[in-house]
Amino acid sequence: MTFFRSALTAPAITLTGAALLFLLLVPPPAAGREEPAVDYGLVRELMSPERKVRRAAARTLLRDRHPSLIPVVVDALFFVPAPARDEAIGVLEELTGENRGRRYLDWVELVGAREDVAPPAGYREWKRSLLERIDPRFRAMLSDDAAVRLRLEELVWGGVRVEGIPALERPPKVSAREARFMRPGDRVFGVSLEGRHHAYPLKVLGWHEMVNDTLGGRPITLSYCTLCGSGVLYDTARDGDEPLTFGTSGLLYRSNKLMIDRQSGSLWSNLTGEAVVGAAAEAAGARLEMLPVTLTTWRRWLEAHPETTVAEPDPDFGKRFGYDYTEGAADRRREGVSFPVWQKSDRFDDKAEVLAIRLDGRSKAYELEALTAAGLLNDTLGDVPLLVLIAADGGARAYRRGGAQVFERVGPAALTDREGRRWAVGASALEPPEGSDLAPLERLPAHVAFWFGWYGFYPDTEVYPEAAEG
């Protein structure tokens with residue numbers, strides 16, 4: 001997701017002597033004083049173009065110094081030009097005891113880490129009053145009666161208005177023979193459903209980030225968060241109602257895009273598939289069904305599935321938005337763009353790709369380079385036996401093993417179990433020997449993501465390979 005870089009990337013500078021002086025003159029809070037309600041009008045005065053108004057507001061706000069001010073002032077900071085941030089920064093440094101510089105996003109990261117600080121009464125109205133400056137449609141998303149299942153103080157604008165990034169709607173499916181726009185090394189999201197194989201090129205999804213489609217009569221949405229590297233496939237069918245379709249909301253949560261459904265206007269997490277804001281979030285745990293998806297190259301996908309079709313981009317449509325449908329072009333346009341994630345781990349490089357899987361409330365991340373070297377793993381996640389492997393199409397997959405079954409590879413698309421029986425690595429399941437009474441073993445809905453993005457939501461995740469001892 002692209003965004004405006006001016007105020008967000010201003011270099012850090014030292015606070016002026018005058019700003020430091022007014023901080024020193026603010027008296028400490030009286031012992032035992034109750035925290036008063038936040039005066040949002042005073043916080044707005046920190047956004048004033050007049051320095052004397054900002055300074056007076058800062059002095060008044062710091063007389064009480066209650067921590068609930070922190071997320072409110074951080075929100076205001078986004079709308080303050082970098083040269084006028086001394087007063088707001090001074091308030092934040094005094095309230096937190098930390099120096100995070102002058103970038104708004106660095107202070108958002110601090111807010112995320114301060115789970116002990118609850119926003120004050122009236123915070124939802126404050127948040128939407130700021131966001132509606134960008135797009136009036138944000139007000140409806142955060143209405144008073146909208147269910148909210150995330151921390152609103154970590155909700156940030158990603159730099160585009162609602163549906164400012166146009167989703168693809170049922171793009172034409174062409175045969176491999178007709179796909180002259182594809183190159184062997186192009187990366188694709190490969191989907192196998194209802195006996196059909198289809199590919200969505202990253203050089204196209206890197207710009208649109210969302211495709212609403214059907215495959216084999218099944219309605220699906222492929223949501224690609226370019227920031228956290230997660231391309232996730234969802235079944236969007238609903239009993240007795242039209243399928244959900246999605247667009248980009250323009251909002252982010254922990255560097256993960258939030259999708260908006262066009263039917264209810266609710267927000268959903270790209271990474272988890274959970275409804276997090278709006279009518280769809282009223283039921284705790286409301287979640288889209290995740291489906292398996294393969295990240296590989298066009299050459300490997302085509303070799304494994306010669307009957308595949310591929311989504312054909314419309315060059316004229318792309319040109320209207322300035323999109324260059326060549327491999328890597330979207331990544332080059334986004335180079336240097338990042339958003340805050342406060343839960344961090346140096347176990348792998350931030351942008352190391354992992355095969356991410358979540359089952360029965362437990363999660364695991366397989367670092368792709370190590371998994372590729374291993375080729376095949378007989379593993380477990382909690383009480384669930386797994387088989388994790390690199391398939392013949394070049395993509396990483398996970399299957400549910402049965403009981404004590406252990407597999408070895410005997411070919412690109414074939415395995416044997418301990419009894420020497422030969423299994424086929426299918427797109428939807430591990431297929432047992434023909435004529436046997438064994439049941440197929442289902443493929444699980446794992447997907448690839450950047451390590452930092454996965455860890456930001458699942459800090460208790462297990463990992464492969466585990467850290468070496470000592």
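The figures that follow rest on heavy atoms only: side chains count, while hydrogens, waters and symmetry mates do not. We're numbering straight along the sequence, starting at 1.
- The environment of Asp383 atom CG is sparse: at most 12 non-hydrogen atoms of other residues, nucleotides or ligands sit within 6.0 angstrom.
- Not counting sequence neighbours, Lys351 has no partner by the side chain to side chain donor-acceptor pair (under 3.5 Å) test.
- In this view, Phe321 and Phe317, Tyr323 satisfy the ring pair (Phe, Tyr, Trp, His ring centres under 6.0 Å) rule, not counting sequence neighbours.
- Other residues, nucleotides and ligands contribute only 12 or fewer heavy atoms inside 6.0 Å of the CZ atom of Arg170.
- Contacts of Asp106 classified as salt bridge (charged side-chain N to carboxylate O under 4.0 Å, His left out), with partners at least two apart in sequence or in another chain: Arg103.
- Without hydrogens or angle criteria, Lys364 side chain to Leu381 main chain gives no donor-acceptor distance under 3.5 Å.
- Checking side-chain atoms of Thr296 against main-chain N and O of Asp393 turns up a donor-acceptor pair under 3.5 Å.
- Residue pairs that meet the ring-ring contact (aromatic ring centres under 6.0 Å, His included) test with at least one member in residues 80-101, sequence neighbours left out, do not exist here.
- Listed by chain and number, the residues in a side chain to side chain donor-acceptor pair (under 3.5 Å) with Ser129 are Arg44 (sequence neighbours excluded).
- Taking the side chain to side chain donor-acceptor pair (under 3.5 Å) definition, one finds that Arg443 meets it with Thr294, sequence neighbours left out.
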Anything under 3.5 Å between a donor and an acceptor, one on a side chain of residues 446-460, the other on a protein residue two or more places apart or in another chain? List them.
from: Trp451; atom 1: NE1; to: Ser345; atom 2: O; distance (Å): 3.4
from: Trp454; atom 1: NE1; to: Thr461; atom 2: OG1; distance (Å): 3.2

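- Between Phe189 and Tyr224, the gap from one ring centroid to the other is short of 6.0 Å.
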For residues 138-149, which side-chain donor-acceptor pairs fall under 3.5 Å, sequence neighbours excluded?
from: Arg139; atom 1: NE; to: Glu132; atom 2: OE1; distance (Å): 2.7
from: Arg139; atom 1: NE; to: Glu132; atom 2: OE2; distance (Å): 3.4
from: Arg139; atom 1: NH1; to: Glu125; atom 2: OE1; distance (Å): 3.4
from: Arg139; atom 1: NH2; to: Glu125; atom 2: OE2; distance (Å): 3.0
from: Arg139; atom 1: NH2; to: Glu132; atom 2: OE2; distance (Å): 3.3
from: Ser143; atom 1: OG; to: Asp145; atom 2: OD1; distance (Å): 2.6
from: Asp144; atom 1: OD1; to: Arg128; atom 2: NH1; distance (Å): 2.9
from: Asp144; atom 1: OD1; to: Arg128; atom 2: NH2; distance (Å): 2.8
from: Asp144; atom 1: OD2; to: Arg128; atom 2: NH2; distance (Å): 3.4
from: Arg149; atom 1: NE; to: Ala281; atom 2: O; distance (Å): 2.5
from: Arg149; atom 1: NH2; to: Ala281; atom 2: O; distance (Å): 3.4
from: Arg149; atom 1: NH2; to: Glu282; atom 2: O; distance (Å): 3.0

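- In terms of the salt bridge (charged side-chain N to carboxylate O under 4.0 Å, His left out) criterion, Glu45 has no residue partners (sequence neighbours excluded).
- In this structure, CG in Leu295 is found 6.0 Å from CD in Glu353, a value given to the nearest 0.5 Å.
- Under the ring-ring contact (aromatic ring centres under 6.0 Å, His included) criterion, the residue pairs touching residues 247-276 are Phe246-Trp268, with sequence neighbours excluded.
- Side-chain atoms of Arg287 come within 3.5 Å of backbone N or O of Thr272 as a donor-acceptor pair.
- Take Asn212 and apply the side chain to side chain donor-acceptor pair (under 3.5 Å) test, not counting sequence neighbours, and it matches Glu169, Thr221.
- For Tyr200 and His208, the distance between ring centers is not under 6.0 angstrom.
- Arg54 has its side chain out of reach of Arg59: every pair of non-hydrogen atoms, C-beta onward, lies at least 4.5 Å apart.
- For residues 232-241, every residue pair satisfying the side-chain hydrogen bond (donor to acceptor under 3.5 Å, both in side chains) rule, not counting sequence neighbours, is listed here: Arg218-Asp235.
- In this structure, Lys257 and Ser223 have side chains that are in contact, with non-hydrogen atoms separated by less than 4.5 Å.
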